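Convention: sequence-line order gives letters A, B, ...; per-chain numbering from 1. Hydrogens, waters and symmetry mates are skipped; everything else that's a heavy atom, side chains included, is used. This is a predicted model, so every value here is computed, not measured.
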Amino acid sequence: MSPEHLETLARTSLLAGMSTEARDAIIARCTVREFRKNDLLIARGDEAGRFLLLLLEGTAHVRLSETDSGLVAVLEQGDIAGEMAFFDPQAPRAADVVGTSSGAIAVLPLEAYEDLRSQAHPGAAALERAVLWRVGQRMRDTSKAVDDLLDQLSQARLVDVLAMIFGVDES
Amino acid sequence: MSEEHIDKVALVRQLPGMDDASPPAVVALAALFDEVDFKDGEYICRQHQEADALWLLARGEVAVSTRDVKGVQTLLATLHPGALFGHVAIFGRSPRTAAAQAVGPVTVLELPRSTVTKLLAEWDFSVASPFRRALIVSICRQLTRVNRTLAELAADPDMPGELERLLLRILAPT
């Protein structure tokens, strides 16, 4: 890993708040991959090679499909992707992650995290806490945005759809 | 407390992400939850209230609803035993975005915020790690479902242009 990538990785918001021991353990297990525009960084439905992706340089899109409405997130420096399949063994890759510029990603393989976990290493605990905070924040932001939308609109049909959005498994 | 026996360990073990937790860790985690009963119509939490606990539904059904600025109430979901709820707001010190109300007699397993905070930060790894993973998986599944539905909604050809733009902005904030 180049000194520049090392510094960028250590300063990302995911890792910056961790203890030195935890951060160093995670960084030591990451590899860096460079990518170009339109490169597929994560493929939807892919069962193999589970890893957590951290964007170091450039930008990428998270897509459920090729249409405009399939775009579910725009990734920038410090953002993560792949956390669902990383922490949930039953979850297939739900979306494609595609480079929208040239850039670089840090990749933490699932096996590396499992190794830290088997040792009850502070790096595993710190990673879980950091990812939990991230996904919680993302869920709150989405809920707030949908809530604001609900306040702006009064179509009966939209209300039904919002109930569907937030509905849980009824089984 | 209700007369019916609630198997706290079984309820905690079925949470997503708990698959590889050791039996003693599941027992230790289950012991942290308090059993609380609610009567039909009682609120477990109200919208805009400070988030002070999360819950695991043990018995009965819970209606999750929201009320807009005009006071119109919308039922968002009906929860069934095994559902984890109230966990998203608890981390960000953000107010509840929806209310949860008992439908018939309800028993929940309650974990106060103070316990959640300690559990996430300083508890024994064998207990805390499965709990953190359960929360991550729960939130990710919820987020995936919301994103998928919003994307389907935005792709609907009957969707008015302005609404489509708002939905796309929620999906991919820039």
- [ ] Check the hydrophobic clustering (I, L, V, M, F, W, Y; side-chain heavy atoms under 4.5 Å; chains of links allowed) and say if A/Leu116 and B/Phe125 are grouped together.
- [x] no
- [ ] Quick one: closest heavy-atom pair of A/Phe87 and B/Val137, and the distance?
- [x] O-CG2, 3.4 Å
- [ ] Counting only heavy atoms closer than 4.5 Å, note whether B/Asp19 contacts chain A via side chain, backbone, both or neither.
- [x] side chain
Task: Flag side-chain contact, heavy atom, 4.5 Å: A/Arg117 against B/Asp20 - done: yes
- [ ] Identify which of A/Met84, A/Arg138, A/Arg134, A/His61 forms the greatest number of heavy-atom pairs closer than 4.5 Å to chain B.
- [x] A/Met84
Task: Side chain, backbone, both or neither of B/Ser129 within contact of chain A (heavy atoms, under 4.5 Å) - done: both
Task: Backbone of A/Glu128 reached by a side-chain donor or acceptor of B/Arg133 within 3.5 Å - done: no
Task: Between A/Val62, A/Val135, A/Leu132, the one whose heavy-atom pairs under 4.5 Å with chain B are most numerous - done: A/Leu132
Task: OG1-CD1 distance between A/Thr142 and B/Ile139, expressed to the nearest 0.5 angstrom - done: 11.5 Å
Open item on the list: Return the CE to OG1 distance between A/Met139 and B/Thr97, rounded to the nearest 0.5 Å.
Closed with: 8.0 Å
- [ ] Identify whether A/Leu71 and A/Val98 are in the same connected component of the hydrophobic contact network (ILVMFWY, side-chain heavy atoms under 4.5 Å).
- [x] no
